[in-house]
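Read the structure below first, then the notes.
As the structure is a computational prediction, the values presented were derived from the model and not from experiment.
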Amino acid sequence: MTAERDYFPTPPPTRYRSRRRQKATPTPTHRYQSVAPKTVTRNPSQSRSKVTPLPTQSKRLPLALQFLLLVQKGSTSFTCGLVAITLGVYAWTVYAPTLWSQEFSRLKTLQRNERQLAATNESLKHTMAEQAELPTAGLTPPNPYKSIFLSPAEVPVIEISEPTQKIEITPIITETPVAY
């Protein structure tokens with residue numbers, strides 16, 4: 001009540017402005033007061049008054065809204081999973097060609113090394129054949145009369161004993177098919 005009694009409304013703005021500037025006149029300060037409420041001091045015994053809790057009502061959301069919230073949670077989870085899968089597929093599509101190009105360059109290097117080894121091997125064979133044809137090499141042409149024949153080594157024979165009982169297997173013939 002004190003605030004209402006001490007409150008003086010501000011004067012409304014004028015509708016029409018004059019074309020000439022008027023000299024500003026100071027307004028009296030005793031006529032208008034602050035709108036801010038004054039602080040009220042109370043006794044400590046009054047501040048410890050009993051506080052009554054407000055009744056709380058458990059507001060259940062309507063079923064349609066609960067369903068929409070459930071759909072939103074599900075679609076959010078689904079979208080996050082889909083984004084993760086998409087990023088994985090994208091990473092694989094970037095990683096796979098990189099890995100393939102590395103392995104392909106390695107294959108090309110191995111094929112080039114194989115060709116170089118084959119050429120070096122043939123060159124060495126040709127050099128050895130030319131050296132073998134020289135008379136100072138001390139090699140003689142092969143003669144079947146000077147060949148050495150070795151007798152085959154004796155291989156011990158391992159005997160396999162036959163099973164004591166013979167089990168006869170008879171095919172099962174049925175009138176209906178067993179399986180397709």
Okay, side chain of S123, backbone of A119: is any donor-acceptor separation there less than 3.5 Å?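 No, the answer is negative, given that no donor and acceptor are paired below the 3.5 Å cut-off.
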
Quick one: closest heavy-atom pair of S75 and T79, and the distance?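 What the structure gives for the nearest pair is O-OG1, 2.6 Å.
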
Got a second to check how far [X]'s [atom1] is from [Y]'s [atom2], nearest 0.5 Å?
{"X": "C80", "Y": "I85", "atom1": "SG", "atom2": "CD1", "answer": "11.5 Å"}
{"X": "T120", "Y": "Q116", "atom1": "OG1", "atom2": "CD", "answer": "7.0 Å"}
{"X": "N121", "Y": "H126", "atom1": "CG", "atom2": "NE2", "answer": "13.5 Å"}
{"X": "L63", "Y": "L70", "atom1": "CG", "atom2": "CG", "answer": "11.5 Å"}

Any heavy-atom pair between the side chains of Q111 and L107 that's under 4.5 Å?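 SC-SC contact between L107 and Q111 confirmed.
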
Trace of the side chain to side chain contact (heavy atoms under 4.5 Å, CB included) decision for K125 with E122: CA-CA 5 Å; K125 282 182 184 178; E122 291 301 320; 3.8 Å; yes

Before giving the answer on side chain to side chain contact (heavy atoms under 4.5 Å, CB included), spell out for Q72 and L68 the whole-Å C-alpha distance, their side-chain angles and the decisive distance to 0.1 Å. CA-CA 6 Å; Q72 180 190 14; L68 288 175; over 6 Å; no

Count the heavy atoms belonging to other residues, nucleotides or ligands that lie under 6.0 Å from CD of E114, then report whether that count exceeds 12.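 No.
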
Evaluate Q131 against T127 for side chain to side chain contact (heavy atoms under 4.5 Å, CB included), listing each step before the verdict. CA-CA 6 Å; Q131 287 177 355; T127 306; 4.0 Å; yes

With under 30° as parallel and over 60° as perpendicular, where do the rings of Y95 and W92 fit, or are they tilted in between?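 Tilted, since the angle between the ring planes falls between 30° and 60°.
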
